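Taking it in order: structure first as C-alpha cells, then the write-up.
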Amino acid sequence: MNSESVCCKNILIVHGPNLNLLGMREPEIYGSSTLLDINRNLDKLAGDAGITLDFFQSNAESALIERIQHAMSDGTNFIIINPAAYTHTSIALRDALAATRLPFIEVHLSNIYARESFRQRSYFSDIAIGIISGLGIKGYELALEYAMASLRSKIEL
Ligand code: DQA
C-alpha cells in the first residue's frame with residue numbers, strides 16, 4: 001500500500017436523540033434535510049475519497065455510549081458527533097468519548113450559543129478537536145472534510 005492510500009480508514013458519524021426527526025422537526029431551526037439526506041451526502045463525499053463511513057443514530061443514551069465504546073475496537077479512526085440534547089446533559093457520553101481516545105468533532109445544525117441559555121453549555125467542546133455550530137448540514141460536510149484530511153495526513157502504511 002502506498003503512502004497516498006486511504007484504505008481502511010473509518011469514520012463513525014453519531015447522531016443523538018431526535019435527529020431521526022430531521023426534516024419535520026422545527027425546520028425553521030434545523031432545516032428541511034432529513035437524516036437520510038445528510039448521511040447519503042456524507043457517504044458520497046467519503047466514497048469519492050475512498051473512506052468508509054459508519055452511521056449510528058439513537059434516542060437512547062445507553063445505546064450511544066455502547067456504540068462509542070465499540071469504536072475502540074472496530075477500526076474507527078475518527079468520530080463526528082452531534083450529541084443533540086445530550087450535549088447539555090451527558091457526562092456519561094463525554095466519558096465514553098474520552099475513553100476511546102479517538103479524535104472527534106462536535107457538530108450542531110443550529111448555533112447553540114445563540115439559543116436558550118441551557119443550550120450554551122456543552123460537555124463535549126473542551127475535549128473535541130473542534131466544534132461546528134450553526135452552519136446547518138454544511139457543518140457535517142466541513143467536519144468530514146477535516147476528518148478525511150486528518151486521516152490522510154496520518155496514514156503511513
Ligand atoms: C442540536 C442542538 C441541541 O441543543 C438540540 O437539543 C438538538 C440539536 C443541533 O444540531 O443544533 O437536538 O444539537
Side-chain angles (χ1 to χ4, degrees), residues 9-49 51-72 74 76-151:
K9 290 290 176 185
N10 304 314
I11 300 172
L12 173 63
I13 317 278
V14 180
H15 304 288
N18 299 308
L19 295 177
N20 56 312
L21 298 180
L22 286 178
M24 49 186 179
R25 174 192 182 201
E26 298 176 278
E28 67 287 2
I29 297 175
Y30 299 115
S32 56
S33 299
T34 66
L35 196 59
L36 191 60
D37 295 334
I38 292 171
N39 289 348
R40 277 196 183 133
N41 180 39
L42 295 180
D43 226 7
K44 185 175 174 337
L45 294 173
D48 291 347
I51 286 184
T52 307
L53 299 187
D54 195 18
F55 298 97
F56 186 77
Q57 190 279 328
S58 180
N59 296 324
E61 192 174 21
S62 62
L64 292 162
I65 290 167
E66 275 161 26
R67 181 63 191 90
I68 287 166
Q69 287 185 6
H70 187 49
M72 294 168 84
D74 72 353
T76 296
N77 303 105
F78 204 108
I79 298 174
I80 295 170
I81 182 167
N82 182 346
Y86 289 136
T87 306
H88 321 298
T89 63
S90 183
I91 297 170
L93 203 49
R94 172 203 170 95
D95 285 351
L97 280 160
T100 68
R101 296 192 179 281
L102 290 166
F104 74 91
I105 298 176
E106 175 186 347
V107 174
H108 300 283
L109 292 155
S110 64
N111 179 353
I112 58 172
Y113 298 101
R115 299 185 62 193
E116 303 95 321
S117 57
F118 62 81
R119 293 187 203 276
Q120 294 176 22
R121 179 182 68 177
S122 166
Y123 278 112
F124 299 83
S125 301
D126 64 306
I127 58 166
I129 295 276
I131 165 168
I132 301 175
S133 185
L135 304 186
I137 61 169
K138 188 75 188 163
Y140 286 99
E141 290 176 20
L142 294 170
L144 179 62
E145 199 179 298
Y146 180 93
M148 293 194 301
S150 145
L151 294 182

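Here the structure is a predicted model, which is why all the values come from computation and not from measurement. These numbers come from the heavy atoms of this one structure, side chains and all, not from hydrogens, waters or symmetry mates. Both counts, for ligands and for their atoms, begin at 1 and track the order of listing.
Annotation: the span from Thr87 atom OG1 to His108 atom NE2 amounts to 4.0 Å, rounded to 0.5 Å.
Two residues are said to be in side-chain contact when any heavy atoms from C-beta on lie closer than 4.5 Å; Ile79 and Ile11 fail this criterion.
Side-chain atoms of Ser133 come within 3.5 Å of backbone atoms of Ile112 as a donor-acceptor pair (strictly under, hydrogens ignored).
Geometrically, ligand 1 and Ala85 share a nitrogen or oxygen pair separated by less than 3.5 Å.
Put simply, no part of Glu106 is less than 4.0 Å from ligand 1, judged by heavy atoms. Note on ligand 1: Tyr30 sits in its first shell, one or more heavy atoms being nearer than 4.0 Å.
In terms of protein heavy-atom proximity, atom 3 (C) of ligand 1 is nearest to His88 NE2, 3.5 Å. Leu109 N, 3.4 Å is the protein heavy atom nearest to atom 9 (C) of ligand 1.
Of all atoms in ligand 1, listed by their number and element, those nearer than 4.0 Å to a heavy atom of Ile112 are 2 (C). The atoms of ligand 1 that sit less than 4.0 Å from any heavy atom of Ser110 are 2 (C), 9 (C), 11 (O).
Neither the backbone nor the side chain of Asn18 has a heavy atom within less than 4.0 Å of ligand 1. Using a 4.0 Å cut-off between heavy atoms, Glu26 makes no contact with ligand 1 at all.
The residue from His108, Arg115, Glu116, Arg119 that puts a heavy atom closest to atom 1 (C) of ligand 1 is His108.
A donor atom on one side chain and an acceptor atom on the other are found under 3.5 Å apart for Arg115 and Ser110.
Taking the ring axis of Tyr30 as reference, the NZ or CZ atom of Arg25 stays within 45° of it and closer than 6.0 Å to the ring centre.
Crowding of Phe56 atom CZ: a count of heavy atoms from other residues, nucleotides or ligands under 6.0 Å exceeding 12.
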Show, in sequence, the C-alpha distance, side-chain angles and deciding distance for Thr100 and Gln69, and conclude whether the side chain to side chain donor-acceptor pair (under 3.5 Å) test is met.
CA-CA 7 Å; Thr100 68; Gln69 287 185 6; over 6 Å; no
